[in-house]
Amino acid sequence: MIDYIKGSVAELNPAYVVIDNHGIGFMLNISLSTYDVIAAAGQDEAMLYTYEVIREDAHLLYGFATKREREAFLQLISVSGVGPNIARMILSSMSVDEFSQAVAGNNVAMFKAVKGVGAKTAQRIIVDLKDKIKPSDSTLLNQTSTATSEVFDEALAALVMLGFTQQASQKVLKSLFSSHPTLTVEQAIKMSLKMM
């Protein structure tokens, strides 16, 4: 799997970006949120976290400005009836924090406002993701500095990759960061493993 692509921006529009990496142009489908980040940076270079969709008729790459946005995308496509394009539409219509709050707050209307999302799909998103996304997740991230939230995200991703559930990993990390807010990723993972 390709985790991220870094290179010069060869082409940019609200639906996709072409990143030139050593002479190879990677076309990545992006949300409006990611487009805004790239456009606002005004730089020739960009680094996007990726997700690859392999179908019989196409190999598609989706790009995300942050790991949190990619995580939200993966949560959305895990819901029956939500494909990559609908997930991208949802993340173009709301920020990751707004998405978390909409799920936690049972805000069906917010999802229904997105083109292509009907009432049943909106309800299914909330029911399927309610246990995976808690209001405390966004609250914790809002209370901590950006640096701490990035360390939290990286440690969480590492624990999930090691086979622990997201819910259990978040619970352990939250208790760690509430008492030790300046932990490094390595320290957070080591301490979490002792508590799992």
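We count residues from 1, following the sequence as given. Values below: every heavy atom of this structure, side chains too, minus hydrogens, waters and symmetry copies. Note that the coordinates shown come from a computational prediction; the quantities given were computed from them, not determined experimentally.
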- Task: Could you walk me through whether Leu129 and Val79 pass the side chain to side chain contact (heavy atoms under 4.5 Å, CB included) test, one step at a time?
- Result: CA-CA 8 Å; Leu129 300 182; Val79 177; 3.9 Å; yes
- Step by step, would you call Lys132 with Gln166 a side chain to side chain contact (heavy atoms under 4.5 Å, CB included)? CA-CA 7 Å; Lys132 297 177 186 174; Gln166 181 148 345; 5.9 Å; no
- Is Glu71 paired with Lys67 through a side-chain N to carboxylate O contact shorter than 4.0 Å? no
- Do side-chain atoms of Arg70 reach the backbone of Asp3 as a donor and acceptor pair under 3.5 angstrom? yes
- Just by modelled atom types, is the Leu48 backbone N or O under 3.5 Å from a matching donor or acceptor in the Lys6 side chain? no
- Please examine the side chains of Ser33 and Val96, heavy atoms only from C-beta on, and report whether any two atoms are closer than 4.5 Å. no
- Item | In one Ile/Leu/Val/Met/Phe/Trp/Tyr side-chain cluster, 4.5 Å: Ile77, Ile126 | yes
- Task: Find out whether Val151 and Phe177 are in side-chain contact, i.e. whether some heavy atom of one side chain is under 4.5 Å from a heavy atom of the other.
- Result: yes
- Any donor and acceptor pair, going by atom type alone, linking the side chain of Ser31 with main-chain N or O of Ser92 inside 3.5 Å? no
- By ring pair (Phe, Tyr, Trp, His ring centres under 6.0 Å) - contacts of Phe99 (at least two apart): none
- Message: Do Glu69 and Thr34 make a side-chain contact, defined as non-hydrogen atoms from C-beta onward lying under 4.5 Å apart?
- Response: yes
- When the aromatic ring centroids of Tyr51 and Phe64 are compared, is their separation below 6.0 Å? no
- Item | Any side-chain heavy-atom pair of Leu61 and Phe26 under 4.5 Å | yes
- With the side chain counted from C-beta on, respond yes when Lys174 and Phe152 share a heavy-atom pair under 4.5 Å apart, and no when they do not. yes
- Task: Hey, could you give me each pair passing salt bridge (Lys or Arg N to Asp or Glu O under 4.0 Å) that has a residue in residues 21-46? Not counting sequence neighbours.
- Result: none
- Item | Val117 backbone acceptor or donor facing Thr121 side chain under 3.5 Å | no
- Validation row: Gln101, Asn107 side chains within 4.5 angstrom (heavy atoms): no
- Answer whether the closest heavy-atom distance between the side chains of Met94 and Ile90 falls below 4.5 Å. yes
Please table the atom pairs, donor to acceptor, closer than 3.5 Å between any side-chain atom in residues 10-20 and protein atoms at least two apart or in another chain.
{"unit_1": "Glu11", "atom_1": "OE2", "unit_2": "Tyr16", "atom_2": "OH", "d": "2.7"}
{"unit_1": "Asn13", "atom_1": "OD1", "unit_2": "Ala15", "atom_2": "N", "d": "2.8"}
{"unit_1": "Asn13", "atom_1": "OD1", "unit_2": "Tyr16", "atom_2": "N", "d": "3.0"}
{"unit_1": "Asn13", "atom_1": "ND2", "unit_2": "Tyr16", "atom_2": "OH", "d": "3.4"}
{"unit_1": "Asp20", "atom_1": "OD1", "unit_2": "Gly23", "atom_2": "N", "d": "2.9"}

- Message: Tell me whether Glu52 at atom CD has more than 12 heavy atoms from other residues, nucleotides or ligands lying less than 6.0 Å away.
- Response: yes
- Task: Determine whether Val82 and Asp128 make a side-chain contact, defined as any pair of heavy atoms from C-beta on separated by less than 4.5 Å.
- Result: no
- Message: Evaluate Met195 against Leu176 for side chain to side chain contact (heavy atoms under 4.5 Å, CB included), listing each step before the verdict.
- Response: CA-CA 10 Å; Met195 297 167 69; Leu176 275 176; 3.7 Å; yes
- Query: Any donor-acceptor pair under 3.5 Å linking the side chain of Arg88 with the backbone of Asn29?
  - Reply: no
